[in-house]
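Shown next, in structure tokens, is the structure this report addresses.
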Amino acid sequence: MSDQYQTFAKSPIGKFVIKNLGLPSPIALDRFVAGQPVINGAILLGAAANSTLSAAISQVLANIHADAYAGNNSTLQQTAAKAGLNLRAFNSGDKESKFKALVFDASGIQSAEQLKELYNFFNPVARQVEVSGRVIVIGTTPETAGSVSAALAQRALEGFVKAVGKEFKKGSTAELVYVDAGAEANLESTLRFLLSPRSAYVSGQVIRVSQADTVKVDWNQPLAGKTAVVTGASRGIGEAIAHVLARDGAHVICLDVPQQQADLERVAGEIGGSVLTLDITANDAGEKIKAAAASKGGLDIIVHNAGVTRDKTLANMKPELWDMVININLASNERVNQYLLNNDGLNANGRIICVSSISGIAGNLGQTNYAASKAGVIGLVKFTAPTLSNGITINAVAPGFIETQMTAAIPFAIREAGRRMNSMSQGGLPVDVAETIAYFASTASTGLNGNVVRVCGQSLLGA
């Protein structure tokens, strides 16, 4: 279903009404188009004194041939030059220049007083971010800080970034990346994703990058030669995931229940994939998934997307509705993962990606079963992540209001509230979830393990 309010907001009369009534004004977000550069526009790079991540950041910007600028910071200029990045001069008094991204290395902030460096960098240019712009702050993991002062300063970055995400408007996003000690080389896939239109509906998020082996990758086809299984692939978000993973080079085995065979074959035919009809709750589901991938070189990626809702208030919910949602959305994920991990069902450097929901973070009226299942998915990810070996990782995405057949069936008033109650003032698209999953699935994302990233336009729910 199309967003009629967003269409109205673009019309002359709509702009007039929205401006005078102070209504939300959603902007058409930039989204990825094959063949375009990582970022279309200039980047302003800054760094706090004594920061340690500028070399790694500069290397990524050099790799993507960024049009990058910096103010009067000779240390940053020298660091960038060593990485092969030519930072052009920017005068903070120049109010005419516009930037597609503001990137700030905050790793050197070690006290409350030094947080002023955030203000000093962002305040002069806060009005100079382009439509669908990017704000990225990069710090170090607070839990491993060497002092209370450093821990509180780094943790303060999260509040700053989330507030910026709500202030800058115009379809801009704001993210915080925490980098573990020694994980600088694992930063590239995250910076590429966050700078690009692929992250159009991801905002106000905290991503943690940990130390891992680095893998060379063809950034145009980061999944070339990989085999992926996507559950619930016959339509909606699952269909979008299958298309994006195939675009990035993977052979996708499209899995769904036998009743969806016709749609499943259509999707697989469009992307040159395979079909696996299977009830994901069956006890032998993991075994059948492993067998299906064996002829394609084994399984590299599994995306646990299959899910259902059976909404009723708890007092009115039948036990079979509770059981169905928990079994499909949660218990099946656990069983399949357990089989694959215990029976060499995933290749080295494999990826497990689960689909949670903001309902599992914030709860939702009439969704005790669904919210429990999606919160359980987060528990599955958090517990499993530190137990993995052989380069295998597990992460989750938590979609907010996404324009699908399911949300189109929601009553009008609730649907409109879901669309507007986020920093983007609009619903997301299935491709937004798919792009985030592809980011986690990337061969280069070796340093991402145990993350839960919301794809919700920085929804006010659960914030």
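The basis for the numbers below is simple: all heavy atoms, side chains too, and nothing from hydrogens, waters or symmetry mates. Counting begins at 1 with the first residue of the sequence. Being a predicted model, the structure only gives us computed values, none of them experimental.
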Heavy-atom side-chain contact between Arg134 and Lys100 under 4.5 Å: no
No-hydrogen, no-angle side-chain donor-acceptor test under 3.5 Å, Thr190 and Tyr439: yes
Residues Asn349 and Thr446: side-chain donor-acceptor under 3.5 angstrom: no
Donor-acceptor under 3.5 Å (Ser373 side chain, Ile326 main chain): no
Phe90 ring center near Tyr69 ring center (under 6.0 Å): no
Heavy-atom donor-acceptor pair, Ser97 side chain to Asp94 backbone, under 3.5 Å: no
Heavy-atom check, side chain of Ser445 versus side chain of Phe440, under 4.5 Å: no
Interatomic distance, Asn395 atom CG to Asn449 atom CG [nearest 0.5 angstrom]: 6.0 Å
Short side-chain donor-acceptor distance under 3.5 Å, Ser210 and Asp180: no
Within 45° cone and under 6.0 Å: Arg198 NZ/CZ vs Phe32 ring: yes
Min side-chain heavy-atom separation Leu191-Ile64 under 4.5 Å: no
Short N-O contact, Glu130 and Lys170, less than 4.0 angstrom: no
Other residues, nucleotides, ligands: >12 heavy atoms within 6.0 Å of Asn72 CG: no
Separation between CG of Leu429 and CD1 of Ile402, rounded to the nearest 0.5 Å: 7.5 Å
Heavy-atom neighbours of Asn50 CG exceed 12 at 6.0 Å: no
Partner of Glu239 under side-chain contact (heavy atoms from CB on, under 4.5 Å), chosen from Asp263, Val267, Val230, Ile271: Val267
Side chain to side chain, Lys374 and Ile361, heavy atoms closer than 4.5 Å: no
Sidechain N-carboxylate O distance under 4.0 Å for Glu113, Lys116: no
Side chain proximity check, Val325 to Thr309, heavy atoms < 4.5 angstrom: no
Close side-chain approach of Val336 to Thr231, heavy-atom, < 4.5 Å: no
Val377 side chain reached by Asn329 side chain, heavy atoms, under 4.5 Å: no
Check: Asn73/Gln77 side-chain N/O donor and acceptor closer than 3.5 Å: no
Nearest-0.5 Å distance, CD of residue Gln426 to CZ of residue Arg420: 8.0 Å
